[in-house]
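What you see is a predicted model; the values in this text were computed from it and never measured. Labels below follow one simple rule: chain letters A, B, ... track the order of the sequence lines, proteins then strands, and each chain is numbered from 1.
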Amino acid sequence: MHAYLRRLCAPSPVPIRLLSPFPRSSHRGYFSSVRLLEEMRADAPVKIKIAYRRIITSLPRLSLKSRTKASLLAEWDLEVARVRAWSARVDSSLLERWTAKKMCLPSVTAFAVEQEGAPKSTTARQESTPSKGAGVATALTTRLQGEVDHLHPSNSRQRLLQPSKRLFSTSHSNIIEGRKQALTERIAADAVVDLQQVMADLRDLELLEKLHKTTVKAAAGFKDASRCLYPLWHDVDQGKKSKVTFAELQEALPPIYSVPWTHIAERLTSGTNSKLSTLSEKDKAALLLLRVYNIGSSRSEAFVAAGARTLEDLEPLARRKKISLVRAHKIGLRHFDDIERLIPRSEMMAFDAALRGALRKADPLLECELLGSFRRQASFSSDVDLVVRHKSFVNKDDEEAAASLMRRIVEVLEGENLLDDENRLMFGPKKYAGLARLPGNKHYRRIDIRLAPYHSYPYLLLGCSGDALLMKLLRHAAKKRGLCLNEYGLGEKYTADDQNPNGFKPGTLRVVKDEREIFDLLGFPYLTPKERDYAVWRPRYERAGVDLSHVHKL
DNA sequence: GTCAC
DNA sequence: GGTAATGCGC
DNA sequence: GTGACGGCGCATTACC
């Protein structure tokens with residue numbers, strides 16, 4: 001796609017080169033930007049506008065190899081030519097509007113150089129590479145400087161001058177060990193750690209990435225780290241433990257969590273976190289709002305722009321019609337603390353028993369299971385994830401059957417006082433989301449109920465029990481065999497000639513009776529749910545000679 | 001932004 | 001009024 | 001240098 005967009009802006013006159021409307025690193029952003037261009041082109045006939053919008057919005061959903069896309073691109077080319085002709089008339093007021101929308105382009109200089117035919121070696125290099133190469137390098141070296149110094153006190157300066165990638169890949173494990181040692185020397189094992197602060201840091205760092213819409217991959221590091229520490233934190237929160245020592249922290253959080261460890265180290269040694277403490281008031285407020293259910297980066301930004309700084313600001317703003325709070329937001333605010341709190345395994349077991357009991361009593365043909373980390377025997381879960389099947393709902397597209405089944409289930413659970421109408425977040429034919437509470441318990445917990453088409457049940461069990469990396473591996477393995485694995489099943493992949501390149505062809509579903517058969521079909525040794533933990537399955541699959549080259553944790 | 005190709 | 005687009009969570 | 005990074009169900013809003 002970049003090629004097309006580049007052609008769109010490259011040969012245009014000066015103003016576009018200086019300030020182009022495409023935001024960085026988001027495909028969706030590219031398309032929105034192009035749409036913006038299109039919308040501002042007031043003279044376009046309405047018909048073209050609509051057709052154009054369809055093309056733009058459908059592009060991200062299509063795979064590259066699709067012939068459909070090729071035909072779309074032909075239309076796209078035409079439209080690009082039109083837009084280009086129009087953009088030749090760009091004036092300063094338009095540029096202001098772009099500025100107001102905070103749009104910018106990464107390598108504007110590269111375009112400029114290309115067009116002017118200047119030699120690539122001079123200005124282009126200097127202006128366009130620092131952002132990627134040197135920027136990352138300096139950030140990394142500053143971050144790791146302490147550890148490297150520790151490892152190589154004599155020649156650390158020279159090493160720092162080398163490219164960062166080399167530094168990182170050749171001695172990564174050494175650096176990790178070095179960090180551990182350096183910290184051990186600087187912090188006493190029995191030093192008391194402010195765990196609440198550490199947890200808050202990890203949470204905010206994760207939210208920060210969500211706010212800036214960067215990929216969730218890195219965020220997962222903070223999330224995982226936070227999960228490692230949660231059992232410790234739970235004891236403190238419950239009053240079972242009065243203080244946490246550094247030794248306990250080191251015990252709980254493995255050294256492979258290098259980025260989280262870097263931040264924790266800063267907090268423990270200097271008492272602050274430079275990344276978080278330098279945030280603007282608005283960004284801090286945005287981070288807080290992000291924690292409310294159904295407030296994502298977009299609404300968070302909008303609410304802050306409307307003047308919200310604390311959770312208490314939201315209600316009044318909504319009353320004055322400055323912002324709109326929907327049902328889910330109100331529930332999210334009311335149960336703010338409960339939604340964030342993880343659920344101890346003992347309570348998950350109680351949920352398991354209560355839900356199964358209620359459903360079996362209502363209809364013995366209902367089969368159900370709790371998924372997610374609970375199924376992998378984790379000691380804490382973030383929510384109650386229930387999947388149900390019944391022989392009355394077989395075909396994925398049979399909304400009628402699904403809806404009536406779902407209504408029955410919800411009715412039963414409401415009758416048992418597990419769910420209530422007031423705390424319903426979402427209630428469709430195939431998916432229910434809301435808050436549940438065990439009778440007599442003071443905390444509400446997030447619950448998701450999903451209906452599986454009858455034959456998809458084992459696939460849903462597998463797909464929703466994780467962990468994420470294992471699913472990535474299995475999906476990739478299926479792809480290599482010309483198959484497609486998803487939560488509904490395993491079947492023949494669509495080819496480039498097909499209309500819809502995602503998913504598998506209907507009618508080619510491999511019917512299985514349990515998860516073991518899915519592993520068999522893919523040629524992988526079976527793993528029990530408990531074994532589906534990266535730390536457990538990775539070494540085992542390595543020994544079994546499974547190709548793990550594209551599974552990357554760090 | 002970051003990785004594999 | 002109906003449909004498309006968007007935001008969100010998982 | 002270039003493209004992929006999950007895709008889908010649901011609620012709500014934007015748009016005609």
Checklist entry - Can you check the A:Leu386 CG to D:dG9 C1' distance for me, whole Å? => result 17 Å
Next on the checklist: Once you apply a heavy-atom cut-off of 4.0 Å, does A:Asp448 come out as touching a base, just sugar-phosphate, or nothing?
Outcome noted: sugar-phosphate
Checklist entry - For B:dA4, does either OP1 or OP2 sit under 4.0 Å from a side-chain N or O belonging to A:Lys472? => result no
Checklist outcome for this item: Separation of C:dC10 atom P from A:Ile449 atom CD1, nearest Å, is 15 Å
Checklist entry - Do A:Glu411 and A:Arg407 sit within salt-bridge range, that is, some charged N less than 4.0 Å from a carboxylate O? => result no
Item to check | Sugar-phosphate, base or nothing in reach of A:Arg327, heavy atoms under 4.0 Å | outcome: sugar-phosphate
Checklist entry - Roughly how many Å is it from CD1 in A:Ile331 to P in D:dC10, rounded to a whole number? => result 17 Å
Checklist entry - If you look at every strand shown and take non-hydrogen atoms under 4.0 Å, does A:Arg424 touch a base, only sugar-phosphate, or nothing? => result nothing
Checklist entry - When all nucleic acid strands are considered with a 4.0 Å heavy-atom cut-off, which category describes A:Tyr432: base, sugar-phosphate, or nothing? => result nothing
Checklist entry - Could you state the CG-P distance from A:Leu451 to D:dG9, rounded to the nearest angstrom? => result 13 Å
Checklist outcome for this item: Among the nucleotides C:dG9, C:dG7, D:dT13, whichever has the atom closest to the side chain of A:Lys210 is C:dG9
Checklist entry - Expressed in angstrom and rounded to an integer, what is the separation of A:Leu485 atom CG from D:dG6 atom C1'? => result 12 Å
Checklist entry - When rounded to the nearest Å, what value does the distance between P atoms of C:dG9 and D:dC5 take? => result 22 Å
Next on the checklist: With a 4.0 Å limit, can you tell me whether A:Ser297 has a side-chain N or O closer than that to the phosphate oxygens OP1/OP2 of C:dG7?
Outcome noted: no
Checklist entry - With a non-hydrogen cut-off below 4.0 angstrom, is A:Arg299 in contact with a base, only sugar-phosphate, or nothing? => result sugar-phosphate
Item to check | D:dG9 to B:dG1 separation - C1' atoms, rounded to the nearest Å | outcome: 29 Å
Next on the checklist: How close do A:Arg291 and A:Leu207 get, counting heavy atoms only, and between which atoms?
Outcome noted: CG-CD1, 3.3 Å
Checklist entry - Considering residues, nucleotides and ligands other than A:Lys430, do more than 12 of their heavy atoms fall under 6.0 Å from its NZ? => result yes
Next on the checklist: Using modelled atom types and a 3.5 Å cut-off, is there a donor and acceptor pairing between side-chain atoms of A:Arg299 and backbone atoms of A:Asn294?
Outcome noted: yes
Checklist entry - Between atom CG in A:Asn294 and atom P in D:dC10, what is the gap in whole Å? => result 15 Å
Next on the checklist: Measure CZ/A:Arg450 against P/C:dC10 and give the value in whole Å, please.
Outcome noted: 10 Å
Checklist outcome for this item: To the nearest angstrom, the NE2-C1' distance between A:His212 and B:dT2 comes to 18 Å
Item to check | Short side-chain N/O contact to D:dG9 OP1/OP2 from A:Tyr488, under 4.0 Å | outcome: yes
Checklist entry - Using a cut-off of 4.0 Å on non-hydrogen atoms, how would the nucleic acid contact of A:Lys431 be classed: base, sugar-phosphate, or nothing? => result base
Item to check | Closest to the A:Met426 side chain, choosing from C:dC8, D:dT13, D:dC10 | outcome: D:dC10
Item to check | Proximal nucleotide (of C:dC8, C:dG9, D:dC10) relative to the A:Tyr293 side chain | outcome: C:dG9
Checklist entry - Which of parallel (below 30°), tilted (30 to 60°) and perpendicular (above 60°) describes A:Phe222 and A:His263? => result perpendicular
Next on the checklist: Can you classify the ring geometry of A:Phe524 versus A:Tyr541 as parallel (below 30°), tilted (30 to 60°) or perpendicular (above 60°)?
Outcome noted: tilted
